[in-house]
Amino acid sequence: MTTVRTPAGWPATEEEARAVQDGLRTKVVLGEPGPPPGAGHVTGVDVAYDDERDVVAAAAVVLDAATLDVVAESTAVGRISFPYVPGLLAFREIPTVLAALEALPRTPGLVVCDGYGLAHPRRFGLASHLGVLTGLPTIGVAKNPFTFTYDEPAAPRGSTSPLLAGTEEVGRALRTRDAVKPVFVSVGHRVSLDNACAHTLALAPAYRLPETTRRADALCRRALREAAPALTAD
DNA sequence: GCGACAG
DNA sequence: ATCTTGTCGC
């Protein structure tokens with residue numbers, strides 16, 4: 001497990017953070033279909049917090065997209081780099097997530113984030129931000145509709161409905177299990193929305209959430225448990 | 001001005 | 001995100 005510090009020059013205020021988003025948003029690539037679902041490697045990233053001790057732990061788990069077997073994994077821990085502010089989640093997660101990705105012994109392939117990409121107040125959520133910084137294809141799979149609206153998708157697994165910001169489709173509500181609350185998929189970097197949904201469905205054969213985020217979630221929680229006591233002494 | 005709001 | 005036990009159902 002690697003340890004990270006908040007990068008020099010990291011935004012300290014909400015105003016600075018929004019300015020960074022506005023400066024990077026033009027670098028997002030939306031015209032590529034991205035890697036085909038069911039082949040190659042897919043990586044899930046997630047983060048867990050201990051606000052009391054000011055500790056954050058991130059995990060990256062690489063899966064074989066065909067079998068969903070774990071191929072590689074890594075973790076990173078550090079200090080919390082930004083408070084939670086809706087619309088600025090990336091500034092809280094990215095330093096540690098980047099460290100975990102860099103610690104992987106192999107190429108991540110498509111990266112699946114826990115949160116949003118294009119579906120964001122300034123169209124630059126966590127998945128978009130991570131994609132621009134790494135150049136990797138990324139998508140966001142969120143558990144809640146955030147500030148967006150949607151009509152309930154039909155009951156069968158695989159059904160979708162548009163996720164809307166007014167009349168603009170910023171993502172899709174995707175049913176991954178029959179009659180169970182959908183997940184909310186949006187494009188990050190270098191992946192089409194159709195492809196993002198296909199990947200998400202392929203990654204969620206048994207549970208509502210994709211295996212990538214389930215694995216990453218379990219791993220970062222474990223890393224937090226094991227790292228928190230050590231960093232407390234510091 | 002007030003409430004809502006990814007994780 | 002996180003605090004938290006049992007419990008209903010396949």
Side-chain angles (χ1 to χ4, degrees), chain A residues 6 11 14 17-18 20-21 25 28 44-61 75-98 100 111-132 138-150 155 157 163-166 168-174 176-189 193 196 200 205-210 212-225 227-228 232:
Chain A
T6 300
E14 298 183 22
R18 288 189 204 96
V20 171
Q21 291 181 329
R25 57 188 294 181
V28 173
V45 292
D46 194 20
V47 171
Y49 303 94
D50 184 338
D51 286 283
E52 278 293 295
R53 296 193 166 80
D54 187 35
V55 176
V56 53
V61 181
T75 59
V77 297
R79 274 27 218 282
I80 297 177
S81 54
F82 207 84
Y84 172 66
V85 179
L88 301 178
L89 176 65
F91 296 93
R92 187 167 166 81
E93 311 218 328
I94 275 187
T96 325
V97 167
L98 275 181
V111 177
V112 180
C113 300
D114 197 0
Y116 280 114
L118 225 210
H120 177 273
R122 287 168 294 284
R123 304 295 177 267
F124 194 72
L126 171 63
S128 319
H129 202 145
L130 189 62
V132 166
T138 61
I139 67 173
V141 179
K143 299 180 283 295
N144 299 296
F146 200 11
T147 62
F148 306 104
T149 61
Y150 68 102
R157 164 183 153 85
L163 184 66
L164 301 172
E168 178 186 0
E169 182 181 40
V170 292
R172 223 164 262 167
L174 168 65
T176 52
R177 299 201 67 189
D178 292 353
V180 170
K181 176 179 177 173
V183 296
F184 304 90
V185 179
S186 63
V187 154
H189 187 56
L193 184 54
T200 302
Y207 297 92
R208 178 168 87 111
L209 297 179
T212 37
T213 76
R214 285 169 42 78
R215 297 282 192 171
D217 179 76
L219 183 57
C220 70
R221 290 188 194 224
R222 182 153 61 79
L224 183 65
R225 279 202 312 270
T232 291

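Proteins come first, then strands; the chains are lettered A, B, ... in the order of their sequence lines, and each starts at number 1. Reckoned from all heavy atoms, side chains included, excluding hydrogens, waters and symmetry mates.
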J.: Would you say that A:E169 contacts A:L118 through its side chain, given a criterion of any heavy-atom pair below 4.5 Å between the two side chains?
T.: no

J.: State, yes or no, whether a side-chain contact exists between A:L174 and A:P182 at a heavy-atom distance under 4.5 Å.
T.: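 With C-beta onward as the side chain, the pair stays apart.
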
J.: Rounded to whole angstroms, how far apart are CD1 on A:I80 and P on C:dT2?
T.: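 After rounding, the reported distance stands at 10 Å.
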
J.: Under 4.5 Å between any side-chain heavy atoms of A:L163 and A:Y116, yes or no?
T.: yes

J.: For DNA chain C, what string of dots and brackets results from 5' to 3' when Watson-Crick and G-U pairs need both distances under 3.5 Å, crossing pairs get [ ], and pairs with another strand get |?
T.: ..........

J.: Considering only NZ, NE, NH1 and NH2 on the basic side and carboxylate oxygens on the acidic side, decide whether A:R215 and A:D46 come within less than 4.0 Å.
T.: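 No salt bridge links A:R215 with A:D46.
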
J.: Would you give a per-nucleotide map of nucleotides 3-10 of chain C, 5' to 3', where B means the base has a protein non-hydrogen atom under 4.0 Å away, S means only the sugar-phosphate does, and - means neither?
T.: --------

J.: With heavy-atom distances below 4.5 Å as the criterion, would you say the side chains of A:L224 and A:R221 are in contact?
T.: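 A:L224 does not reach A:R221 side chain to side chain.
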
J.: If the plane angle is over 60° it's perpendicular, under 30° parallel, otherwise tilted; pick one for A:Y150 and A:F184.
T.: perpendicular

J.: Test A:F124 against A:R18 for side chain to side chain contact (heavy atoms under 4.5 Å, CB included), laying out the working first.
T.: CA-CA 10 Å; A:F124 194 72; A:R18 288 189 204 96; over 6 Å; no

J.: Is there side-chain contact between A:D51 and A:Y84, with at least one heavy-atom pair below 4.5 Å?
T.: no

J.: Heavy atoms, side chains only, cut-off 4.5 Å: are A:L130 and A:L98 in contact?
T.: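 Yes, at least one pair of side-chain atoms sits under 4.5 Å.
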
J.: Exactly one of A:R123, A:H129, A:R122 should register a side chain to side chain donor-acceptor pair (under 3.5 Å) with A:Q21. Which one does?
T.: A:R122

J.: Sugar-phosphate means primed atoms, P, OP1 and OP2; the rest is base. With that split, encode nucleotides 1-7 of chain B 5' to 3' as B, S or - using protein heavy atoms under 4.0 Å.
T.: ----BBB

